[in-house]
Amino acid sequence: MSGAKPIRVGINGALGRMGRAIAAVVQESPEVELAAEVDVGFGAPAAFREACDVVIDFSSPAGTLAVARDLRGSKTALVIGTTGHAPAELTELLPLAKDRPVVHAANMSVGVNVLLATVAEIAKRLGDAYDIEIVEAHHRLKKDAPSGTALALARAVAEATGRDLAKDARYERHGVIGERPRREIGIQAVRAGDIVGDHTVFFVGNGERIEVIHRAHTRDTFARGAVRAAIWVAGRTPGYYSMRDVLGFSSL
Ligand code: NAD
């Protein structure tokens with residue numbers, strides 16, 4: 001990197017848990033410099049387009065859309081880590097990728113992205129005789145449920161086994177629920193204390209089970225991933241990319 005100008009990074013949601021963790025990583029990385037910090041808590045609307053080569057968004061679904069609108073007509077790259085977007089919000093985000101490179105990932109950790117590929121492979125090999133359940137646990141302040149990562153894991157196993165989440169996902173059980181349909185994918189959320197983020201995928205057959213567990217110990221793992229994505233995406237060809245592209249796992 002010697003002689004190269006640092007990539008100018010903006011953070012949307014700068015006052016949040018992730019925003020603060022990302023600012024700390026940016027400050028210790030010579031390839032990037034902190035060019036703008038925006039948060040509703042500062043009272044200012046998004047204003048990134050002149051100042052930044054890349055904006056990292058860890059805010060709220062409305063916050064992602066505010067950035068998207070602010071960046072219209074610019075080439076500024078975007079890294080979206082925010083989760084919980086409604087389908088209509090995702091539809092509004094997609095055209096962004098025509099003008100600029102976008103990395104959008106519900107989880108920026110290396111481990112979870114390996115997990116996504118691994119659970120798809122396990123699901124494919126085990127087939128319908130094994131029931132699939134996903135349990136996630138997060139801190140009490142998390143706003144969306146289930147987590148974006150749990151949904152990404154559910155999508156990965158559904159795609160690998162030809163299931164349709166619109167039909168086969170089961171988000172809660174209560175009362176007399178009857179027998180479990182074979183192709184159901186259960187997705188349950190625990191909210192408690194200060195848990196950074198745990199995900200377990202169960203594959204349970206008759207007489208045995210596999211449990212694949214990922215536990216994030218610290219938000220730094222997501223923050224480092226977000227900064228790595230920003231460095232990777234700056235100046236790239238316009239398009240919608242995943243964290244697996246950033247990490248070079250696309251062929252897993
Ligand atoms: P947080 O509540 O601590 O922080 C969010 C910040 O965004 C707050 O300071 C809030 O004031 C600000 N904000 C909200 N709406 C805004 C808007 N319209 N414009 C500007 N700022 C706005 O939450 P957090 O724990 O930092 O998580 C933020 C998001 O990132 C959540 O959606 C969470 O699920 C997601 N997340 C993703 C990953 C990943 O790896 N992709 C990891 C952890 C968290």
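Ligands are counted one by one from 1 in listed order, and the atoms in each one are counted from 1 as well.
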Ignoring angles and geometry beyond distance, decide whether Gly19 reaches within less than 3.5 Å of ligand 1 through its nitrogen or oxygen atoms.
no
Evaluate Ala66 for polar contact with ligand 1, using N/O atom pairs at a separation under 3.5 Å.
no
Between Lys167 and Glu184, does at least one N-O distance fall below 4.0 Å, as a salt bridge requires?
no
Check for me whether Ala105 has a heavy atom closer than 4.0 Å to any atom of ligand 1.
yes
In this structure, would Ile185 and Leu126 fall into the same cluster of hydrophobic residues linked by side-chain contacts under 4.5 Å?
yes
re atom 39 (C) of ligand 1, the protein heavy-atom contact at minimum distance is Ala106 O, 3.3 Å
Is there at least one pair of N or O atoms, one from Val38 and one from ligand 1, spaced under 3.5 Å apart?
no
Checking a contact table here: which protein heavy atom is nearest atom 26 (O) of ligand 1, and how many Å away?
Met18 N, 2.8 Å
Hey, which of Arg183, Arg180, Arg170 is the one that makes salt bridge (charged side-chain N to carboxylate O under 4.0 Å, His left out) with Asp131?
Arg180
Element-labelled atoms of ligand 1 that are located less than 4.0 Å from some non-hydrogen atom of Lys143
2 (O)
Please assess Ser147 against His138 for the test side chain to side chain donor-acceptor pair (under 3.5 Å), listing each intermediate value before the final yes or no.
CA-CA 8 Å; Ser147 68; His138 282 85; 4.5 Å; no
Distance alone, cut at 3.5 Å: any donor-acceptor contact between the side chains of Thr161 and Arg163?
yes
Tell me which protein heavy atom sits closest to atom 5 (C) of ligand 1, plus the residue, atom name and distance to 0.1 Å.
Ser59 O, 3.7 Å
Under 3.5 Å between some N or O of ligand 1 and some N or O of Lys142?
yes
Quick check: are there more than 12 heavy atoms from other residues, nucleotides or ligands sitting under 6.0 Å from CD of Glu172?
no
When you look for heavy atoms under 4.0 Å from ligand 1, do you find them on the side chain of Asn12, its backbone, both, or neither?
side chain
Please identify which of these residues, Lys75, Arg236, Arg8, Lys5, meets the salt bridge (charged side-chain N to carboxylate O under 4.0 Å, His left out) condition with Asp53.
Arg8
Side-chain heavy-atom pair Phe203, Val157 within 4.5 angstrom cut-off
yes
Nearest protein heavy atom with distance in Å, relative to atom 8 (C) of ligand 1:
Asp39 OD2, 3.5 Å
If you measure from the Lys or Arg side-chain nitrogens to the Asp or Glu carboxylate oxygens, is any gap between Glu121 and Arg125 under 4.0 Å?
yes
Please report which non-hydrogen protein atom sits nearest to atom 4 (O) of ligand 1, along with the residue it belongs to and the distance in Å to one decimal place.
Gly16 CA, 3.2 Å
Judging by distance only, is a nitrogen or oxygen of Val40 under 3.5 angstrom from one on ligand 1?
yes
For ligand 1, which is the ligand I care about here, please tell me if Ser109 has any N or O atom under 3.5 Å from one of the ligand's N or O atoms.
no
Nearest non-hydrogen protein atom to atom 34 (O) of ligand 1, with distance, is Thr83 OG1, 2.6 Å
Tell me the protein heavy atom at minimum distance from atom 3 (O) of ligand 1, and give that distance in Å.
Arg17 N, 2.9 Å
Would Arg100 and Thr76 count as a side chain to side chain donor-acceptor pair (under 3.5 Å) here? Give the steps.
CA-CA 6 Å; Arg100 81 201 67 253; Thr76 305; 5.1 Å; no
Examine Thr82 against ligand 1 and note whether any of their N/O atoms are separated by less than 3.5 Å.
no
Which residue owns the protein heavy atom closest to atom 38 (C) of ligand 1, what's the atom, and how far is it?
Phe58 CE2, 3.4 Å
At a 4.0 Å threshold, what atoms of ligand 1 neighbour a non-hydrogen atom of Ser60?
14 (C), 15 (N), 16 (C), 18 (N)
Residue among Thr218, Val110, Val25 satisfying side chain to side chain contact (heavy atoms under 4.5 Å, CB included) with Arg224:
Val25
Checking heavy atoms under 4.0 Å, the part of Ala14 that sits near ligand 1 is neither
What I want to know is whether Met108 and ligand 1 share at least one N or O pair that is separated by under 3.5 angstrom.
yes
